[in-house]
Amino acid sequence: MQTTQRETPGFINSRQYREYAVRHLANGVSSTPRTAQRPVPVAMDRARDAILTDVDGNDYIDYTMGYGPLILGHNPPEVVAALKAEIDKGFRTASVHPGEGRLAELIAETVPCGEISSFVSTGTEAVQLALRIARAATGRTRIIKFRANYHGWFDSVHVANAPGNDGPGSGGQDPKASENITVVDWGDAAALEKVISSDYAAVILEAAAVNAGCFAPPEGFLQAVRDLTRKHGVVLIFDEVITGYRLALGGAQEMFGVTPDIAVLGKAIGAGMPISAVTGSRAVMQALVDGRVMHRGTFNGNPLSVSAAIACVERLQRDGAQIYPRMTAQAAAIQAHINTEAAALDLDVCANGVGSAVQIFTGVRQMANIADLAKADRSRIVRLTEMLMMNGLMPLPRGLMYLSAAHTDGDIETTLHALSKGLHAYATL
């Protein structure tokens, strides 16, 4: 995509669609965060490679990447071919089929902890299954989680997601559902050491806190967590719904060299189709194998999703040595450009990055750790992402940007130019 003069996009059709959708669809969207986009939640018409086109015909270089799953970009040929071949065989929902075994084998080949796997449809479901396995394996019920780590929207773990609030993340939650959750600060091994004991079933965490703001783990933190959990016979669960197959072929556990007992995979593994997995050591997963843990779901191992995941992982196996370094370098270039431009404009704006993900912050000039999240201005970031959208980029409204294998050098060149224009426009607000 070449750098060209871009007209300010109009959103007549997106606005008309929203007026129509809110009549019967709650908030006019199917996931609450999608309402945050300004000046209007943009309705998309089509996509190809790294480009989104909305219902008004406006093109954007896409950095939402489906909130992370589209690691190969939009409509990757090998995934589309696999889906077409699979759908010709019939939907075969809730059937045993050969693809399940092949995908489990691929996970075992690529994910360090992945000896035995089981499939569900969403990250939230997979987290719940992983916790149930850990409880069955240990005979205990208490769980340790970390502040600002997100593990899905179920009442049992949807707590301590926002700075300064260790309570429920949503209205309508049952506060008793999280009574067995202990919360500690992410990145603080000493804090974990003070509370962990053989009374706990599991410690669950994002090995790299992408969801919180693209924080890499502090030096030695993950190994300390591994050592402490092993010492007390506690199951270590890495929530790799975001980082699995995104940071590296083997996810965060490969990138940082620490192997958990269980990993929760999602998003990127399916290349855009709904699928997630719980994978772990034979010893821990035995609780699922021998039937102590009940595992149900009509759409578990859906043939369409499994076929997409097989095509995706095989592509990453084949070309990952080129794909991952390129995405990481592109993300680093975007992060550096934002920080340089913001400093030159004397803006309270900065960017963090880990692997192929970048998070933009407003209200601060540096975001050193998760504790600093309370200093960020979340309302201003929506205005900045609006300025970026007006200049042909599509980040998530909260400032998170994902790279994909489909982003070209030309896309990055155009992106850097658009970032400069967007930051200049933001400086005038």
Side-chain angles (χ1 to χ4, degrees), residues 113 118 120 122-207 209 211-212 221-222 224-241 260-266 276-281 283-288 290-297 370:
C113 77
S118 188
V120 284
T122 69
T124 294
E125 289 177 86
V127 165
Q128 295 300 311
L129 178 57
L131 293 175
R132 187 171 289 184
I133 292 168
R135 289 181 173 122
T138 62
R140 310 165 194 162
T141 56
R142 301 179 71 190
I143 305 294
I144 294 173
K145 80 167 292 270
F146 293 85
R147 290 183 176 91
N149 279 201
Y150 176 73
H151 304 300
W153 58 271
F154 281 11
D155 289 8
S156 60
V157 290
H158 194 213
V159 294
N161 292 324
N165 176 21
D166 281 354
S170 169
Q173 286 185 228
D174 177 2
K176 293 184 178 181
S178 58
E179 284 182 344
N180 283 315
I181 298 291
T182 298
V183 178
V184 296
D185 287 331
W186 186 87
D188 190 342
L192 175 63
E193 188 171 14
K194 289 178 182 178
V195 300
I196 194 171
S197 71
S198 58
D199 291 334
Y200 286 92
V203 170
I204 185 169
L205 76 160
E206 294 180 60
N211 199 67
F221 171 62
L222 294 181
V225 175
R226 174 70 283 184
D227 293 342
L228 287 167
T229 52
R230 189 170 282 133
K231 175 183 176 181
H232 293 283
V234 175
V235 175
L236 177 56
I237 302 171
F238 278 5
D239 183 339
E240 296 223 46
V241 170
D261 300 300
I262 293 175
V264 179
L265 307 173
S276 59
V278 177
T279 190
S281 69
V284 172
M285 295 295 284
Q286 185 61 31
L288 182 61
D290 65 21
R292 279 176 285 164
V293 172
M294 179 65 71
H295 173 222
R296 287 179 170 172
I370 281 183

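In this chain, residues are counted from 1 in sequence order. Quantities reported herein were computed from a predicted structural model and do not represent experimental measurements.
Applying the side-chain contact (heavy atoms from CB on, under 4.5 Å) rule to Asn211 yields the partners Tyr150, Glu206, Ile242, Arg398; only residues at least two apart in sequence or on another chain are considered. For Ala201, the side-chain contact (heavy atoms from CB on, under 4.5 Å) test picks out Arg135, Thr138, Arg140, Ile143, with sequence neighbours left out. With sequence neighbours excluded, the residues that form a ring pair (Phe, Tyr, Trp, His ring centres under 6.0 Å) with Phe221 are Phe146, Trp186.
The number of heavy-atom neighbours closer than 6.0 Å to CZ of Arg132, taken from other residues, nucleotides and ligands shown, is 12 or below. Atom CD of Gln173 has more than 12 neighbouring heavy atoms from other residues, nucleotides or ligands inside a 6.0 Å radius.
The heavy-atom pair separating Ala277 from Ala126 by the smallest distance is O-CB, 4.1 Å. Between Gln128 and Ser156, the shortest heavy-atom contact is NE2-OG, 3.1 Å. What you find for Leu228 and Ala189 is that their closest heavy atoms are CD1-O, 3.9 Å. Residues Ser118 and Leu288 share a closest heavy-atom pair of CB-CD2, 3.5 Å. When every heavy atom of Lys145 is checked against every heavy atom of Ile181, the shortest pair comes out as CG-CG2, 3.7 Å. Minimum interatomic distance between Ala148 and Ile370 (heavy atoms only, all atoms of both residues): CB-CG2, 3.7 Å.
In summary, the side chains of Ser276 and Glu125 do not present any donor paired with an acceptor at a separation below 3.5 Å, with no hydrogens or angles considered.
In this structure, CG on Leu265 lies 6.5 Å from CD on Glu240, to the nearest 0.5 angstrom. Atoms OG1 and NE2, on Thr124 and His158 in that order, are 8.5 Å from each other to the nearest 0.5 Å. The CG atom of Asp166 lies 11.0 Å from the OG1 atom of Thr182; values are rounded to the nearest 0.5 Å. Atom-to-atom distance recorded for Glu193:CD and Asp227:CG is 10.0 Å, nearest 0.5 angstrom.
When Ile204, Val278, Asp261, Leu205 are each tested for a side chain to side chain contact (heavy atoms under 4.5 Å, CB included) with Ile237, only one passes: Ile204.
Using a 4.5 Å heavy-atom threshold, the side chains of Val293 and Leu129 count as touching. Contact check for Met285 versus Thr279: no side-chain heavy atoms found under the 4.5 Å cut-off.
With Asp188 contributing its side chain and Ala191 its backbone, the two residues share a donor-acceptor pair below 3.5 Å.
A salt bridge between Lys176 and Asp174 is absent, with no side-chain N of the basic residue lying under 4.0 Å from a carboxylate O of the acidic one.
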Exercise. Passes side-chain contact (heavy atoms from CB on, under 4.5 Å), Leu192 versus Ile144? Steps please.
Worked result: CA-CA 9 Å; Leu192 175 63; Ile144 294 173; 3.8 Å; yes
